[in-house]
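Convention: sequence-line order gives letters A, B, ...; per-chain numbering from 1.
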2 protein chains.
Amino acid sequence: MNIKEVAKLAKVSTATVSRTINGSDKVTPETAERVRRAIETLKFYPNTYARALGSGRSSLYGLIISDLTNPFFPELVKSFEEIAVQHGQEVLIANTNYDPHRMEVCVSRMLQRKVDGVAIMTSEMTEHLVEELAVRRIPLAFLDTAIPQKGVSNILVDYAVGIDAAVEHLTSLGHRAISFIAGPVSLTSARIRKRAFIHCLERNRIKLDPHFMEEGNHRTDGGYEAMCRLLDLKVRPTAVLTSNDMTAIGAMVAISERGLEIPKDISIIGFDDIELSSFTKPPLTTVRLSRQEIAKMAFRALYNTYQSGAAKGAQYPIETSLIVRQSTGPKPATKR
Amino acid sequence: MNIKEVAKLAKVSTATVSRTINGSDKVTPETAERVRRAIETLKFYPNTYARALGSGRSSLYGLIISDLTNPFFPELVKSFEEIAVQHGQEVLIANTNYDPHRMEVCVSRMLQRKVDGVAIMTSEMTEHLVEELAVRRIPLAFLDTAIPQKGVSNILVDYAVGIDAAVEHLTSLGHRAISFIAGPVSLTSARIRKRAFIHCLERNRIKLDPHFMEEGNHRTDGGYEAMCRLLDLKVRPTAVLTSNDMTAIGAMVAISERGLEIPKDISIIGFDDIELSSFTKPPLTTVRLSRQEIAKMAFRALYNTYQSGAAKGAQYPIETSLIVRQSTGPKPATKR
DNA sequence: AATTGTAAGCGCTTACAATT
DNA sequence: AATTGTAAGCGCTTACAATT
């Protein structure tokens, strides 16, 4: 089944069939209708590979992430794919597994499939691999880690807004002894979040007790253990911010186990707003970083750049915002 | 950059370059080496579309799932992709979002990309769409829902083994009052799990109190609410099996909130063994359904069928097994 | 017999030509 | 001027022919 048979049935040339499929305006409605009927009758699906070869565009975008089993990514991938399909594009997904070596394989896969753009939502990227893509004028979109330039866009997350709101929320509730459980220092995004928190305290002129800075691993067990250490302090924090929701969920378990109540005895705020966060007990107050928004921006960045012939990339800002649920409350009256 | 330039640099014909790339044995090692050096020098990446068009095989497999944000799927997708890439294939992922209508779009995407096979890991499949694929002799692999036939394989999960082990584990601990929190009846896989539980009790001659059959939604909130209803019963179960781990996690929250201890007061067992399960407090005893295993089998089914020229499909069995952690213990001594 | 080359073919797109 | 058709071209693969 190919375009020739459609052409024969519709009594037109293959060019006209092609034009109809691609929505060209130089086909009379009647001809187009005849072609469409032929396509319908024959259940014809145009061969993407021939199209790609003929036109030079693959209608495929690459999406490089760290690890699909990290709850941050599925929603991002799903949204990206949804938008892409709406625009008649497909998505090639690649996991780096946090391993810069695997990045090499990812890029090679992208190159072989001649992607029309790559969204790099991870930080395991080396200079020379970026070069390999840039040389071929493939539009690129990074998350937080790039400076916009020809063909290269950057999604810039404004962590400060959300973290500011979180800290302000806590101070307005009377909290001063605020702790932060960071993510693994090896993760760029975790380092950025931590830095944003420290800056925020400085701006708000709140003294940061070094004992209150803990480190987790962005998983529940890391959050649990870090929280245990905080609870063992002679002077405990009355509120805890965490680098992601999984950490907060682990911390909540530690708090309950000690027989303490959230938020009566201690307040806790997560980061990301994963789906699970509204289903914890109590529902988690958290800083939302919309994965849909990231996906939308990344796609738009690539799509725009591609359409305009690899013009110069841009900065795409994304806000973070505080979602107040029930894990935060007034600072406990009694000094503990 | 194309195969011609490589051929020129290596001083061979394009056919020889092609043969080298595809690992044909009719190229002398010296020639092959020369070609490889030329490829290296020119940083040549063969055009997948031209390859697909020339050879008639796309090296692409379709993977249809319900929803990437359902924690059951990411691990499956990741494993499937990993295996595929190891075999030099790519993966086209499509979400149905539990909507049979979107299945239509998924299938059309698969058809346009001329996939070499489709793994359908969801039950939103209609007869006529299967037909559309079957007519084109595209190998198919289903999860639980198909009868093997020409070109169609089925991954058959043996739920009974794991659920039997779970029930046996509980009875050996003295439990008789065993409850089950099912998934949504609309989900085929949830219905199968529930049925397996009922059969298992029958086989073990344990009376099933109809009040002990609850229904959740495969999310934590559903598990939480179902568990609340169970705790409100005059005669409570001493042990609870759930249709998936998220349900169990929700149920655990409900139990803790009532001031009850797991497993001292009540035992709980999940299903799936998602990553989170080892990080709950206490770690969750659960029935493992290996997503890696499913991915491996599905890929193998498609790969085998394709290689053997769409021969008849087969049944691929997958075991479930009980992972004992710390959420199960002896039946409480006192009658409550 | 083993290795290499020639050239047609895969199924589209699209510049240009032809037709109305 | 608007619509349609012709045919070359995209970059591979592979049957068959040619060469060693």
Between [N] ([atom2]) and [X] ([atom1]): distance, integer Å:
X	N	atom1	atom2	answer
Lys26(A)	dA1(D)	NZ	C1'	12 Å
Arg34(A)	dT3(D)	CZ	C1'	12 Å
Asn47(B)	dC12(C)	CG	C1'	13 Å
Arg51(B)	dT14(D)	CZ	P	10 Å

| request: Scan Val12(B) against the nucleic acid and name what it touches under 4.0 Å (heavy atoms): base, sugar-phosphate only, or nothing. | output: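 Sugar-phosphate, backbone atoms only, no base.
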| said: Applying a 4.0 Å non-hydrogen cut-off, can you work out what Thr48(A) is touching in the nucleic acid: base, sugar-phosphate, or nothing? | reply: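 The residue Thr48(A) makes no contact with any strand.
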| Ion pair Glu82(B)/Arg102(A), N-O distance below 4.0 Å | yes
| query | Under a 3.5 Å cutoff on both atom distances, Watson-Crick or G-U, what's the dot-bracket for DNA chain C ([ ] crossing, | other strand)? | reply | ||||||||||||||||||||
| message | Between Thr305(A) and Ala301(A) (side chain of the first, backbone of the second, donor and acceptor by atom type, cut-off under 3.5 Å), is there such a pair? | response | yes
| field | Rounded distance [0.5 Å steps], NE2 in His101(A) versus OG1 in Thr96(A) | value | 12.0 Å
From [options], nucleotide with atom closest to [X] side chain:
X	options	answer
Ala15(B)	dG5(C), dC12(C), dG11(D)	dG5(C)
Arg19(A)	dT13(D), dT14(C), dC12(C)	dT14(C)
Ser13(B)	dT13(D), dG5(C), dT4(C)	dG5(C)

| request: For DNA chain D, determine which residues of residues 53-62 of chain A have any heavy atom closer than 4.0 angstrom to one of its atoms, and list them numerically. | output: Leu53(A), Gly54(A)
| Aromatic ring proximity, centroids under 6.0 angstrom, Phe72(A) and His218(A) | no
